[in-house]
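Beneath this line is the structure, given in structure tokens, with notes to follow.
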Amino acid sequence: MEIREIIMASGVTAAVIGWWVSHYLAQKKERHFEQLKWAKAFIDSQLSELYGPIYGLLLENDRHRIDIEEIFGRSTIFVGSIPLTDEEKNIWVHYLENYYLPNNRKIVEIIKEKIHLLVGDELPKSFLSFIDYAVAFEAAHKQFNDLGKQYGFHSKTNFPIQFKSEINQEVKFLKKKQWALMKNGRIKNET
């Protein structure tokens, strides 16, 4: 073989290898970008369909509770075993029936419908605690309305603070991840 043929063969081989390497790297980069886009889309869905709506309903419940505490002139709705006055009971029942219990029902429905947006192989314990709390509270109030069965106008169990805390933490965490992906400059916000 002549030197010229060897050089030409080497040049062709180098060109093919160069093309293959750049093609491989481009595909790898495209796969990585697609994974980033998928991750951002998943986070967007978690925020807009699961955590965000629950967060908003919890904030709304807090706002109404604060309003009622101001109306009652104290920092809590229930004071030990002291029953509510008739006027307080009317205000509280109005709040329960028009805001609190319907919002809790919406939260339970969101959890049931959007369970696929949770990460992990089981429902977090705080979510189960919230569902138990909301369903039991609603059932007790329904028995009061439908059957006249008296109850203390509150759930038998305390509101699961851990649930609210985890929702707040997850919203912050997901917003931070979402922002990091957007800051990357390659993924635009599509929400």
Side-chain angles (χ1 to χ4, degrees), residues 13-70 75-77 95-96 98-138 155 157-191:
T13 302
V16 169
I17 291 172
W19 174 85
W20 184 84
V21 167
S22 74
H23 178 71
Y24 171 78
L25 292 175
Q27 282 186 325
K28 185 176 178 182
K29 185 177 181 179
E30 183 62 29
R31 279 192 304 273
H32 179 70
F33 183 67
E34 288 301 317
Q35 288 173 337
L36 290 176
K37 280 177 36 180
W38 179 87
K40 173 136 179 346
F42 185 68
I43 290 169
D44 290 347
S45 293
Q46 286 181 298
L47 284 168
S48 66
E49 299 174 36
L50 178 67
Y51 292 103
I54 292 172
Y55 181 79
L57 290 165
L58 291 172
L59 285 176
E60 183 180 330
N61 280 353
D62 284 350
R63 180 68 253 163
H64 288 298
R65 182 187 42 75
I66 290 167
D67 289 345
I68 290 176
E69 289 170 353
E70 288 174 1
S75 63
T76 184
I77 292 170
Y95 164 73
L96 283 179
N98 292 288
Y99 304 103
Y100 194 74
L101 295 176
N103 283 355
N104 286 350
R105 170 60 41 208
K106 289 175 191 172
I107 292 170
V108 170
E109 291 302 316
I110 290 167
I111 292 169
K112 285 175 16 185
E113 292 172 7
K114 303 301 179 175
I115 196 167
H116 64 283
L117 294 174
L118 290 167
V119 175
D121 57 355
E122 55 185 57
L123 200 60
K125 289 180 181 172
S126 68
F127 280 57
L128 293 171
S129 295
F130 179 82
I131 291 169
D132 288 344
Y133 165 83
V135 170
F137 195 172
E138 186 175 22
S155 180
T157 60
N158 289 332
F159 176 85
I161 299 294
Q162 186 64 25
F163 174 72
K164 183 178 174 184
S165 175
E166 287 178 18
I167 294 294
N168 291 344
Q169 289 171 0
E170 194 65 18
V171 166
K172 287 179 186 175
F173 173 73
L174 291 171
K175 289 297 295 170
K176 188 175 182 179
K177 281 176 67 174
Q178 183 188 51
W179 181 245
L181 287 168
M182 288 174 9
K183 232 171 78 171
N184 189 326
R186 295 184 292 178
I187 300 177
K188 300 221 184 310
N189 192 6
E190 297 170 2
T191 58

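All values below come from the heavy atoms of this structure, side chains included, with hydrogens, waters and symmetry mates left out. As the structure is a prediction and not an experimental result, all values here were calculated from the model.
Heavy atoms from other residues, nucleotides or ligands lying under 6.0 Å from CD of E122 number 12 at most. Counting non-hydrogen atoms of other residues, nucleotides and ligands closer than 6.0 Å to CZ of F173 gives a total of 12 or fewer.
The backbone N or O of I161 lies less than 3.5 Å from no partner atom in the side chain of S165, so there is not a single donor-acceptor pair. With Q46 contributing its side chain and L117 its backbone, the two residues share a donor-acceptor pair below 3.5 Å.
Between F130 atom CZ and I167 atom CD1 the span is 9.0 Å, to the nearest 0.5 Å. Distance check, rounded to the nearest 0.5 Å: OH of Y100 to CG of N103 gives 9.5 Å. Interatomic distance, M182 CE to I43 CD1, rounded to the nearest 0.5 Å: 11.0 Å. Atoms CD and OG, from E170 and S126 in turn, are 10.0 Å apart once rounded to the nearest 0.5 Å. Remark: R65 CZ to T76 OG1 distance equals 8.0 Å, nearest 0.5 Å.
Minimum heavy-atom separation, P124 to L118: CD-CD1, 4.1 Å. A pairwise comparison of heavy atoms in E49 and I110 identifies O-CG2, 3.5 Å as the closest pair. Scanning all heavy atoms of the two residues, the minimum distance from I115 to L123 falls at CD1-CD1, 3.9 Å. A pairwise comparison of heavy atoms in V108 and A134 identifies CG2-CB, 3.8 Å as the closest pair.
At least one side-chain heavy atom of V135 sits less than 4.5 Å from a side-chain heavy atom of R105. Contact check for S129 versus Q162: no side-chain heavy atoms found under the 4.5 Å cut-off. Taking 4.5 Å as the limit, every side-chain heavy atom of Y55 sits out of range of all side-chain heavy atoms of K164. No side-chain heavy atom of N104 sits less than 4.5 Å from a side-chain heavy atom of Y99. Residues T157 and D132 fail the side-chain proximity criterion, which asks for heavy atoms closer than 4.5 Å. With a 4.5 Å cut-off on side-chain heavy atoms, I107 and L58 count as touching.
When only modelled atom types and interatomic distance are considered, Q178 and K175 share a side-chain donor-acceptor pair under 3.5 Å.
A salt bridge between E109 and K106 is absent, with no side-chain N of the basic residue lying under 4.0 Å from a carboxylate O of the acidic one.
In summary, of the residues considered (D67, L59, N61), a side-chain contact (heavy atoms from CB on, under 4.5 Å) with R63 occurs for D67 alone.
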From CA spacing to verdict: side chain to side chain contact (heavy atoms under 4.5 Å, CB included), K40, D44: CA-CA 6 Å; K40 173 136 179 346; D44 290 347; 2.7 Å; yes

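Using cut-offs of 30° and 60° on the angle between ring planes, the pair Y95 and H64 is tilted. Using the six-membered ring where Trp is involved, Y133 and F137 have ring planes that are perpendicular, over 60° apart on the 30 and 60° scheme.
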